[in-house]
Colleague: 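Questions regarding the structure given below will be posed in turn.
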Amino acid sequence: MAAHPAFADWDGSVAHARAMQSELAQRVVLRDGFPKTLRTIAGFDVGFEEDGAVTRAAAVLLDAETLQPLQSEVARIETVMPYVPGLLSFRELPALLKALDRLGATPDLVFVDGHGIAHPRRLGIAAHFGVVTGLPSIGVAKKILVGAATTVPHQMRGAYVALRHKGEQIGWLLRSKPNCNPLIVSPGQHVAMASAADLTMRFVTRYRLPEPTRLADRLASRRDEDRG
DNA sequence: GCGACAG
DNA sequence: ATCTTGTCGC
């Protein structure tokens, strides 16, 4: 099934995938582990072609200071698994890792479209990506998978409220843009809960999505009649 | 048992 | 995720 070494020991079953998530979740560290001054950051997202038969991942490297894109890569692989809520990383991570490979560079921080620890077993695709690569990561999703917030964030840009699940905070609902649905931001690897929202807002310009994820989104989807 | 369910 | 034009609201 999966062709990437990170999935070499997976027997292909849903049960084993869940067990692997629980084990990998133990390795997630919620402590800021990135340079004080970010040099480069990257955004990752996935899209599909050929009716889902082909998985296409996009990676965009940006200058953390100017937010200007420095490099863009698109990787394609044969789709390895259907979409199953909670097991998204087993479907999309192989392609994302290939895109990171093509990037060659080592960004100081990575943003992945999807959840970090805001997941049933605390291992959303951004957290999985971080544990496997060792890179600091943050998950930026558009919808909640699990958990709930007591209130909604104020309409002011940058406002946020906690997303909780089973007695613990698993992320934030962040109003990145006024009058737009809040983003669900959660730490992946080497990022503290308290820093996740700030770090994300740091890269939001005039759109709902932060630049890293927004640019990767355009490349992964077929909106920008593409390249690669 | 019944719904909810990232992309 | 993906198929797709116009339209309402800030």
Side-chain angles (χ1 to χ4, degrees), chain A residues 2 14 17-18 21 24-25 28 43-59 74-99 110-131 137-149 152-159 163-166 170-189 196 200 206-210 212-226:
Chain A
V14 165
R18 293 200 172 111
Q21 291 185 321
L24 289 166
V28 175
F44 290 83
D45 190 22
V46 167
F48 297 87
E49 302 175 350
E50 311 297 327
D51 262 311
V54 173
T55 300
R56 156 167 139 172
V74 171
R76 295 182 174 75
I77 65 170
E78 192 170 285
T79 299
V80 298
M81 185 192 150
Y83 168 66
V84 177
L87 298 183
L88 183 69
S89 60
F90 285 78
R91 171 174 165 83
E92 304 188 346
L93 194 52
L96 289 180
L97 295 176
K98 183 176 180 182
V110 158
F111 289 86
V112 182
D113 189 300
H115 293 291
I117 62 168
H119 174 279
R121 287 167 294 282
R122 308 298 181 256
L123 195 84
I125 190 166
H128 198 161
F129 184 105
V131 168
S137 64
I138 291 177
V140 179
K142 307 174 199 69
K143 297 175 183 174
I144 290 175
L145 174 58
V146 292
V152 289
H154 291 77
Q155 287 296 353
M156 179 187 283
R157 182 182 188 281
L163 172 66
R164 309 182 57 84
H165 178 57
K166 294 190 171 180
I170 58 177
W172 305 96
L173 293 201
L174 172 66
R175 188 80 67 181
S176 54
K177 177 179 179 177
N179 303 314
C180 281
N181 293 323
L183 295 177
I184 295 75
V185 175
S186 60
Q189 181 68 308
T200 300
R206 59 177 303 192
Y207 306 95
R208 180 162 88 119
L209 298 179
T213 290
R214 190 179 73 83
L215 297 178
D217 208 84
R218 300 176 50 169
L219 273 185
S221 301
R222 55 180 37 181
R223 269 166 274 169
D224 269 350
E225 280 316 327
D226 51 293

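So that the names make sense, note that chain A is the first sequence line, chain B the second, and so on, each numbered from 1.
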Colleague: When the distance from CE of A:M81 to C1' of C:dA1 is rounded to whole Å, what number comes out?
Modeller: 14 Å
Colleague: How does each nucleotide of nucleotides 2-7 of chain B score, in 5' to 3' order, for protein heavy atoms under 4.0 Å: base (B), sugar-phosphate only (S), or none (-)?
Modeller: ---BBB
Colleague: For Watson-Crick and G-U wobble pairs within 3.5 Å on both distances, what is DNA chain B written in dot-bracket notation, | included for inter-strand pairing?
Modeller: .......
Colleague: May I ask you to test the A:P153-A:L174 pair for a side-chain heavy-atom distance under 4.5 Å?
Modeller: no
Colleague: Please confirm whether the backbone N or O of A:G52 pairs with a side-chain atom of A:T79, one donor and one acceptor, at under 3.5 Å?
Modeller: yes
Colleague: For the pair A:R175 (side chain) and A:H154 (backbone), establish whether a donor and an acceptor sit closer than 3.5 Å, ignoring hydrogens and angles.
Modeller: yes
Colleague: A:H128 versus A:H119: any side-chain heavy-atom pair under 4.5 Å?
Modeller: no
Colleague: Do A:S89 side-chain atoms and A:G124 backbone N/O form a donor-acceptor pair below 3.5 Å?
Modeller: no
Colleague: Quick check: does any side chain N or O of A:Q155 sit under 3.5 Å from a backbone N or O of A:P178, one acting as donor and the other as acceptor?
Modeller: no
Colleague: Do A:S137 side-chain atoms and A:A126 backbone N/O form a donor-acceptor pair below 3.5 Å?
Modeller: yes
Colleague: Could you check how far CZ of A:R56 sits from C1' of C:dT2, rounded to whole Å?
Modeller: 13 Å
Colleague: Taking only Watson-Crick and G-U wobble pairs with both distances under 3.5 Å, what dot-bracket line describes DNA chain C, where [ ] shows pairs that cross earlier ones and | shows pairs with another strand?
Modeller: ..........
Colleague: I'd like to check A:L87 versus A:Q21 (side-chain heavy atoms, cut-off strictly below 4.5 Å). Are they in contact?
Modeller: yes
Colleague: Is A:R56 reaching over with its side chain to a backbone N or O of A:L219, donor-acceptor style, under 3.5 angstrom?
Modeller: yes
Colleague: What is the distance from CD of A:E50 to C1' of C:dT2, rounded to the nearest Å?
Modeller: 13 Å
Colleague: Name the residue closer to the 5' end of DNA chain C, choosing between A:A220 and A:N179 according to the nucleotide with the nearest heavy atom.
Modeller: A:A220
Colleague: With a 4.0 Å cut-off, would you call A:D45 and A:R218 a salt bridge?
Modeller: no
